[in-house]
Each structure stands twice: as structure tokens, then as C-alpha cells.
2 protein chains.
Amino acid sequence: MTEFELIQIYFQQDQSADWLSVPIGDDGAVISAESNQQIIVTDTLVEDVHFFAGTAPNAIGHKALAVNLSDLAAMGATPKWFTLNLTLPEASESWVKTFAEGLFALAKAHNIVLIGGDTTRGPLSISITAAGTVPVGTKPLTRDAAQVGGRVGLIGSLGLAAQAVSARQQGQEPTSQQAQALDFPIPQVEAGLALQGLATAACDVSDGLLADLGHIAKASKVVIELDGDRLARICPAQTQASAEATLSGGDDYALVFVMPLGQAVPNWATDIGQVKAGMAKTGMAKQPVAVLGGPEWLQQAAKNVQLAPGHQHF
Amino acid sequence: MTEFELIQIYFQQDQSADWLSVPIGDDGAVISAESNQQIIVTDTLVEDVHFFAGTAPNAIGHKALAVNLSDLAAMGATPKWFTLNLTLPEASESWVKTFAEGLFALAKAHNIVLIGGDTTRGPLSISITAAGTVPVGTKPLTRDAAQVGGRVGLIGSLGLAAQAVSARQQGQEPTSQQAQALDFPIPQVEAGLALQGLATAACDVSDGLLADLGHIAKASKVVIELDGDRLARICPAQTQASAEATLSGGDDYALVFVMPLGQAVPNWATDIGQVKAGMAKTGMAKQPVAVLGGPEWLQQAAKNVQLAPGHQHF
């Protein structure tokens, strides 16, 4: 056994399910026939790109799974299984033990089972591929199904993770709430399930609110008009910097969604705007998302964010 | 759009299937209910660990998928879909174009569809997760099902990839046959399907013949005795170095398998030994795989390989 095979043992603990006839450890895992629709998502985190060097291993383990659970949530799926590709500079048992603690704590909370993986030497990065299910006959929440006139809803907070990044980049300590949002983001799995059959379109906010609503607008060939006064109320502070973090900060893993025409955003989410017919259909260069009204500092923040290129992590 | 989102477009070409209701491009892919058993495999390739820096991008694209197809073959599965996590130092369009050519040529040949992925900045590495199917009621080929008395079979060539690595490490040009084996390994997908219902256990030879047969022996709690005279005949040259490459060289992606008691290895494969009851059951430190008889140079090679630690790539 190589040292890397030895540390793989940390990932073979107690992973079982009645639909899993061959678990992790063979050439492949074997899963029973699946009577539901399956949703497959995948995301990679790379050190110094998606998390700071020196981030606590349990936070890395948590976040690597959380970003995938967030994608499943955005499709309205029930989490089922995931695979883990872990690339490590050295086979450090203590690092892996702590990483696995963070990973499995979140996995257990969402009843998702690790069924396979690969551990190898190289610069630190983690790829996870995860599967969830949606009952046959239920439409998964996609980006291309926003209807003109539909209200736009938001679940979760925005801007805290971006504020943590910006504090750390300036050598300052983020608040504990900001650090928690960056290091241990909470995927909105239950909210995603609750949106099934209610909303038509959804997307998670990984790249920033305006960018991710832009994905919905472009895929659905509509424009989205956000209400500046409502947005101002959800900014962590009533300042332009705080508004920029709210509108463009990535890594929050909130959910945005669109209701069918004539239906209100449910009271456990925040109404932030509505869908309009728009020029996006013709492919002309127009902003797919506009912020209307609201205080001057928010308007200025929206303008800055729209002028900047897409979210690039750090 | 970031430059990385732009190059993702190379992976969104013409990927469709009647079971794929939402293809690559949303938060997740949506797959119809699956009436077969599903086999999930995953593997990572890292530059300077699994392939030399400067390897042609089409070879990297081919190999990243081939190693996963080889795992599916070892389970007796029909390839269905895969996800791609590509981490690149820079968003080079020409590199990605050539990588995608190698990847999709092999994907098309095996009718496997790219359904999702993530492209990000970082040190060059590729993780692929792939799924295949096995009909309900058919037992997938696992490592733990070798029966005492069963004959051991081999499909594919051994040692060529290891010879290519060793030539390149010494600054020499490998033969074109060796280079082909290392850079464009052929996954034994059809042979794996043909073994379904014939063999009981199987494994692909990614770590080296003795190491991978050791996986079968340990999982099945048996020992495997290989026939030295038969092994000598499949060494590329009749030398100790060639025998060491044959017994321990990884990266060949041949298949090894075990037949049920009393059944001969089919004539399109090579019989190389048989399964015996053994000490492996008691957990005592004994070699799970032995090479019996054969020429002196082969015996010496077997001894050297058994003394060395597991295959560590390069």
C-alpha cells in the first residue's frame, strides 16, 4: 500500500445505503436502478483560487461538498451520492482526518453518501461530483424557465463571504459571521426542495447576484428588473461598498428563483424584483439585469458592478 | 463572461442523448430514470504525476477519459455519461481545442456523453467521473468474487507504457508502440462487456499486474498463482527488465479476470494462472500473488517487484 492508499481509508468509513450494492473500494461503485430523475453536478475548488492557503482542512472539506449541494439545491434535488477527487501535496494523515470531519459532518446532515474517489499527489485541489434526485413528473428547476411577469425571490444572505475575502486580503480579521459565511457556507437544500412545484426557474448565487440572475435572464431570454429599495434593505450596511458586496460578491450560495406569473414570492423568501420581456431575446448588448430605484449609494454600486467583468474569485 | 467561461464553450458542442433532458450548461444535468444498475467511477490525472509536462493536449484528453473507461470495463459496464473537471494554469484556447479533440474522439468511439463540468484556473489537472450501466439481474464484475480453482485471464498488453516512461525519464525517445501505449491507452470496454456473465471477478491493470491481481486476491481472500512460463511469453523482450515492466508497470489498462471453477479462459484472452485457497484469509503477511516456475530472468524480476513498494506513477 502506498501512503496515499493508506489515507484513502479515511474515506471508506461507514458509507452504506440500501441502493448501494458495491460501495467505495472497487474499480467502481454499483447503484441500483433509479426510478427518479437524476441531477448531476460537479465543482472544483483549487487552493489560492477558491480558498486561501492555510484555510482549516475541515472548512475545505465542508465547502467542497457545500458548493455541490448548493447546485443540487438550485435544481430542486434531494442529495443522494457524491464522489471525491482529492489532490494533496503530501499524504498528511492529520490534514486528511480533519478534512474528512468537515466533509462527513455536512454529508451526514444532508444524507448524501460518498461512493467513490481518487486520492493523488499534486497541488491542493478538490473536485466533487454529486447526484441528487427529482421525482419523475416533477420539472427540475432550471435557468431557462423564467416567465415574463414572474416575481424574483431570494433565499439566504449575500455579501458576507465577499466581505470576509476582502478583509483577509487586507490582512484584517473578518467578523465571525463573515468568516462563517466564507468558510462554512450553508447550502439551501431544504429551500430548494420547497421551491419544487412553486418556482419555475432557479440558480444558486456562486458568482454574484447580478451575474447569476444574468444567467437566468440570458437562458430564459428575458430581462430582470430588481427593486433598489428592497435590495438596499438586505445590504449588511447602508454603504456603497456593502452594496457592491451584495450585488457582486460570490461564494454566498444563496438561491435566486422566479415564480410563475401572478404568484407571490413565499413569505420565507425575499421578493427582490420581477421578470420583464426584453431585448435579451435579440442578442443585443443590453444589461440582462437592471437595478431600478433605491438610494444613491446602491445605484452607484450597481453601476460599478455592471461595468466590472465577471466574478473571478480571488 | 470570464475567459474560463469562454473556453467552456468547447465542451458544450453537440452533447445530446434521449435520456438527457437538461444537458451541460445549467447548475446540473438532468438524466431520466435509469432501469439498469449504474456503475460510477472516477479518476484524476495530475501533470508531472500521471503524465509528463509537455504531453500533447489531445493525448491528455484521451487518457483522462480512457482511465475512467478502463474502470467501467473492469466492472463490465456499458459507458453512458461523464463529467469533466479541468484545472488549467491559463485559459489557452488552442490547448483546450486540442484537448477536447482527444477527449471527444474517444467519447464518440464509446458512445459516452459529457453532461457537466467545471473549468477553473490552477495547476494542470483533470478529474473525470463517469457512469456506465449493467442490466438488472447481471452481477457487475467486482474484485471480491474470485473463486478457488478459477483460472486467471488477461486481455491487453503489459509493460509498454512503463517502457515509454522509463525511456523518457532517461531522455530517450520510446518506440512508437510504447509511446502509443502510454499516451493513447485503449480501454478494454468491449472485452469487459464480453466478460459479463463469463468471469466472476475483474480489475483493470492500472497499478501493475502483480499489484492489481493482489487487489483481487485480498478482496476475495484467496491467493493467485501465476504461471511463469506463460508470463515469459507475453514479455515484450526475454529480459529481466522487460519482465519487471510486465509485472509492475502501471498505466497499461489491460484487464485481468477470474473464471468460475472448471471453466477455461476464453480463446480471445490469455490464461496466466489460477486461484488457490490461501493464507490471505488469515491476514498473515504472505504475498497474495506468486509467480511459479518460468525462466530465471522472470523469477528474478518477480522477486524484485514483490520487494518494491506499490506503483507510484512517476
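Throughout, a chain's letter reflects where its sequence line sits, starting with A, and its residues are numbered from 1.
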B:Asn85, part contacting chain A, at a heavy-atom distance under 4.5 Å: both
A:Thr44, part contacting chain B, at a heavy-atom distance under 4.5 Å: both
Best-contacting candidate, B:Val41, B:Val136, B:Thr142, against chain A by heavy atom pairs under 4.5 angstrom: B:Thr142
Crowding at CG, A:Leu20 (>12 non-hydrogen neighbours, <6.0 Å): yes
Greatest number of heavy atom pairs closer than 4.5 Å to chain A - which of B:Gly25, B:Ser127, B:Gly214, B:Ser70: B:Ser127
Smallest separation among heavy atoms of A:Ser32 and B:Gln38, with atom names: O-NE2, 4.0 Å
Contact leader toward chain A among B:Cys203, B:Ala219, B:Gly122, B:Gly116, where contacts are heavy-atom pairs under 4.5 Å: B:Cys203
Top of A:Leu84, A:Thr87, A:Ile40 for chain B proximity - count of heavy-atom pairs under 4.5 angstrom: A:Ile40
Contacting region of A:Ala29 [heavy-atom separation from chain B under 4.5 Å]: both
Approximate separation, where rounding is to 0.5 Å, of A:Asp43 CG and B:Thr83 OG1: 10.5 Å
Chain B contact via A:Ala202 - which portion, at a heavy-atom distance below 4.5 Å: backbone
Heavy-atom closest contact (B:His50 atom, A:Thr120 atom, distance): CE1-OG1, 2.8 Å
Atom pair OG1 (B:Thr129) and CG (A:Asp118), whose distance is rounded to the nearest 0.5 Å: 9.5 Å
Note, A:Asp27 side chain near B:Arg143 side chain (heavy atom, < 4.5 Å): yes
4.5 Å side-chain heavy-atom contact, A:Val134 and B:Val30: no
Region of A:Trp19 that comes under 4.5 Å of a non-hydrogen atom in chain B: neither
Among the listed options A:Asp26, A:Thr42, A:Ile39, A:Val46, the residue most often paired with chain B at heavy-atom distances under 4.5 Å: A:Asp26
For A:Met75 against B:Gly28, the heavy-atom pair lying closest together: CE-O, 3.3 Å
B:Ser125 versus A:Ser125, closest heavy-atom pair with distance: OG-OG, 4.5 Å
Neighbour count >12 (heavy atoms, 6.0 Å) for atom CD1, B:Ile24: yes
